[in-house]
Amino acid sequence: MEYNHLTIEKKWQKYWADNSLFTTNENPRKKYYDLVMFAYPSGDIHMGHCKNYVIGDVIARYKRRNGFDVLHPFGWDAFGLPAENRAIEIGLHPRKWTLENIRISDESLKMLGISYDWQREIITCLPDYYKWTQWMFLLMYKRGLAYKKEAYVNWCPGCQTVLANEQVIDGHCYRSNCKSLIERRKLNQWFFKITDYAERLLNDLDKLSGWPERVKQMQRNWIGRSEGTNIIFPVKNSNIKLEVFTTRADTIFGVTFISIAPENPLLEQLIKGSKYENKVRAYILEASRKSIVEREEKEKDGVFTGIYALNPINGSEVPIFVADYVLVEYGSGVVMGVPAHDTRDFQFALKYRLPIKVVIRPESGDIDPENMADAFVDYGIMINSEQFNGLTSAEGIKAITEYLQNKGLGGRAVNYKIKDWLISRQRYWGAPIPIIYCDKCGIVPVPEGSLPVLLPEDIKDYIPKGKSPLGAVPEFINTTCPNCSGPAKRDPDTMDTFVCSSWYFLRYLDPKNDNEFCSKANAQKWLPIDQYIGGIEHATGHLIYFRFFTKVLYDAGYIPYDEPATNLFTQGMVLRNGEVMSKSKGNAVPVGPFVEKYGADVARLTILFAAPPERDMEWSDEGVTGAQRFIDRVYRIVMENRERVVNKPSVPPQNDIQKKLYVKINQTIVRVTDDLENFKFNTAIAALWELLNELYQYKERDEFFGYGIYAIVNLLSPFAPHLADELWTNIGNKGSLVSADWLSCDSDYLTEDKMVVVLQVNGKVRGHIEVAPNTDEEKIKSFALADERIRRHTDNKQIKKIIYVPGKLINVVI
RNA sequence: GCCGAGAUGGCGGAACUGGGAGACGCGGCGGACUCAAAAUCCGCAGUGCUGAAAGGCGCGUGGGGGUUCAACUCCCCCUCUCGGCACCA
């Protein structure tokens, strides 16, 4: 009896669609929002993409069967560089290319039998979606969270656009087929003020008990909160004051120089007319030409400004340097140099022969200032620090900070590594920034009623040249001021696609709403996301951004929760031949041909069984063989015995053989259920496989056998839904398992009547005995001591004690 | 440098809260069916020694120490792999 996946899978996909089984209940009683990260339409989808969707689908199908009203939507993150670059390569409009890919990919997902509510599909590059992306921008603007500033930004020469900090990895472009060395450019760009939310984004991580610790830790690192002290160093013979941030106020007596970032705006007035003005300007220019990576890799250097600052604690004069290892965007862009207690300052001091003054000694021992090989950076005891001598570092930090604060020369400060989110992109394929520049009125937001600002489709040249292509489209760029009706120009940039993806989960709740991004009623109904599933690579990008958006929308009163997702699951990647599956590497297994050859259920089982879902998995042909064999075996045994299936045994087991099978069935129900609750799909399938093997061994064709068949079919539906439904009707049921109640176990039969007790001597297994479940301890001990296998090791030895673990084992210690 | 995760047969992986290591699968070997092969079904299998066999004894979860009657699991040290952060003052 052959399982014909082609006709059977198509048949059930049609049945599910015709009967709207995945259509979301508009008025959920017991809601469950199951969300997989939406996708980039990057060409034909392959098995590497599918793991995410298969995991999400298992959950959706399992939850439906447990009485939940499941919202399980899908959509496309359709704007952005990859689509645009591909389109340029093959000379097709990005819109055409994108929509065509979406069409093909939708087909692939449908072939896999993923149970999406397709009526809620969203596509971010369509005006009815990006209208609301633009609305989000305006909301940020209204709330003072979108601002434009001239700043040093990351410029990707490959993509010919600026990038957000989150999109720079080790100084290179984050896009895997770009990876260009990032340059620094000073440009006037739009930012979202995510730093205003740094504290909440950090603190609220503690609320997210359903998120992996790893992701939370990565976000903590990324936000990078650092507590310390701000200290004001007045400049000698000037009224300029330099503020520095330090976490080591206890080392203030060891300051022997000050360094300023070359980009620091204070420099201009500081050096004007100074002795070394020209040298300093040359250094600044040189620094500006270097990439971030170059600046990091070279030896630390700088140039003396000829100016001195005064240490506020003791008035000592210290030289001011310009040095490009100081980051303008962190702290105040000025640091105090303490060579004795900071590795970088130490190197710098050696190079420029600056004094090294030891002010902290180890708790035990001393430091010889003459023979220091490197800085002493640990906490210790303050020395050479006047009235503060003898304090520990921790005490000293507190004392110095208080001292400075009382004198108005500084105070406590907190700094974050996270930077404001640069969202302008000099590219065509994105949502236009809804801002108008008027000579008279300045920056004017597009009125909400005029949204969307349509992205012109008819554009001759969208190839990036470092300037926004939209700037060269007169019909787009020229407009009138909404305020004064005078001539004005639109912002030529588009938004980072991560803006589009920061709020998409809300649009699914109300995808056709023309008046709001989502009605308050629907937000109330469905939020928060009960289970979010996606790749770990989004830990410090999307997963921070969408939390940020959620908080802003919450603050503005649009949604009732300030965290978007209760539970997060990060799935591992699919590898093939040791490398991430991808079309460009040539190791991709495309969905369409695979499903035609083997079937969707084989694909699903292969993915689910190979490894725990959170771990990377190697796609192997052997895994496919196993999945295929499993399906054939199930199909065969069910079809051959379909007349004998019962949905419940009519009598209790009559003998040990029946009881053994019945217990196994009940145990399997429990195991599969527990495993589904805990994302352990590989062991859930293993449990089903064990039961299947047991049924193959079972010789009688009684009710218990029939019930075993029933159980396998029933429990299989989240994993292999087509096969399960096909067999479900073949064993005499109507319709589909999609919304049938999940199978529950008979808890009276979860264990057998006898228990096996392991016999150990000194912790080594020497045998087992079978006893009745309620045998008391003394009896078991006497059985054990009488056992030949034990006696062999205990004869002529002294027994020290006997340990009995109830129902488990007995250990004789000699 | 800091933070995090991990290392188990030939391979993917299992093992509750410290209690029989290696479930389940793949591959392998043997058998049945077949003229034969494939498919299927049944069986074997961590490894060394020993035994005709049943079995017995030892060794075994990256390495070394420790706690314990008992350690893949807990503690200390080390090696390696992967991931994140990193000139952050």
Side-chain angles (χ1 to χ4, degrees), chain A residues 2 169-170 212-226 228-229 244-248 251 259 261 292 295-300 323-327 329-338 341-345 347-348 377 415-419 536-537 539-540 605-606 609-612 614-627 629-630 632-633 636 671 674 680 682-693 696-697 756-768 789 792-793 800-814:
Chain A
E2 278 289 299
I169 298 175
D170 292 334
E213 204 45 52
R214 180 160 70 129
V215 172
K216 289 191 276 186
Q217 204 52 49
M218 282 163 78
Q219 294 206 352
R220 284 187 195 107
N221 276 341
W222 188 261
I223 294 166
R225 184 177 195 275
S226 177
T229 311
V244 306
F245 173 74
T246 178
T247 53
R248 290 301 299 275
T251 64
S259 293
I292 308 156
R295 275 169 69 157
E296 235 172 81
E297 282 173 353
K298 74 173 173 58
E299 193 194 4
K300 289 179 195 8
D324 67 3
Y325 72 87
V326 182
L327 306 173
E329 60 271 14
Y330 187 75
S332 56
V334 186
V335 300
M336 62 184 211
V338 186
H341 304 292
D342 180 279
T343 313
R344 289 153 311 183
D345 296 345
Q347 288 166 21
F348 197 82
V377 297
N415 262 297
Y416 295 93
K417 283 191 229 175
I418 194 170
K419 292 173 200 163
I536 186 76
E537 67 274 17
T540 54
L605 289 175
T606 303
F609 185 63
E614 69 277 12
R615 210 179 292 183
D616 286 352
M617 64 160 282
E618 174 76 23
W619 178 274
S620 71
D621 298 340
E622 289 75 35
V624 175
T625 308
R629 204 174 281 165
F630 176 71
D632 288 343
R633 268 165 75 91
R636 213 175 298 125
R671 280 174 68 187
D674 283 354
K680 291 162 75 177
N682 55 329
T683 50
I685 293 168
L688 287 170
W689 221 312
E690 273 183 53
L691 178 58
L692 181 65
N693 288 343
Y696 264 83
Q697 299 298 318
V756 177
V757 176
V758 176
L759 304 179
Q760 292 185 334
V761 176
N762 280 359
K764 283 199 163 66
V765 179
R766 297 299 176 186
H768 332 92
R789 291 164 297 189
R792 197 188 301 146
H793 295 93
K800 276 200 208 150
K801 59 177 164 177
I802 300 172
I803 289 156
Y804 176 61
V805 183
K808 271 281 177 191
L809 60 78
I810 190 149
N811 188 11
V812 180
V813 185
I814 54 170

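Throughout, a chain's letter reflects where its sequence line sits, starting with A, and its residues are numbered from 1.
- Using atom C1' as the reference point in both B/G31 and B/G83, the two lie 49 Å apart (nearest Å).
- Nucleotide B/G25 forms a Watson-Crick or G-U wobble pair with B/C11, both donor-acceptor distances falling under 3.5 Å.
- For A/Glu622, the side-chain atoms get nearest to B/G27 when compared with the rest of B/G19, B/G27, B/C42.
- Remark: the separation of the P atoms in B/C74 and B/U81 is 23 Å, to the nearest Å.
- The nucleotide B/G6 finds its pairing partner in B/C80, both defining distances of the Watson-Crick or G-U wobble pair being shorter than 3.5 Å.
- Of the candidate nucleotides B/C24, B/C85, B/G13, B/C85 has the atom nearest to the side chain of A/Trp222.
- The partner of B/G58 is B/U47, by the rule that a Watson-Crick or G-U pair needs both atom distances under 3.5 Å.
- Remark: the separation of the P atoms in B/A39 and B/C49 is 34 Å, to the nearest Å.
- Residue-level contact check: A/Asn682 touches the backbone only, with heavy atoms under 4.0 Å from sugar-phosphate atoms and none from bases.
- At the heavy-atom level, A/His793 lies under 4.0 Å from the strands shown only through sugar-phosphate atoms.
- For the 3.5 Å distance criterion, the side chains of A/Arg220 and A/Gln217 qualify, holding a donor opposite an acceptor.
- Using a 4.0 Å heavy-atom criterion, one finds that A/Gly224 contacts no nucleic acid atom at all.
- Using a 4.0 Å heavy-atom cutoff across all strands shown, A/Glu297 reaches no nucleic acid atom at all.
- Shown here, B/G9 is classed syn by the O4'-C1'-N9-C4 or O4'-C1'-N1-C2 angle, which is within 90° of 0.
- Using a 30° and 60° split on the angle between ring planes, A/Phe245 and A/Tyr330 fall in the perpendicular class, above 60°.
- Listed nucleotides: B/C85, B/G20, B/C24. Nearest to the side chain of A/Asn221: B/C85.
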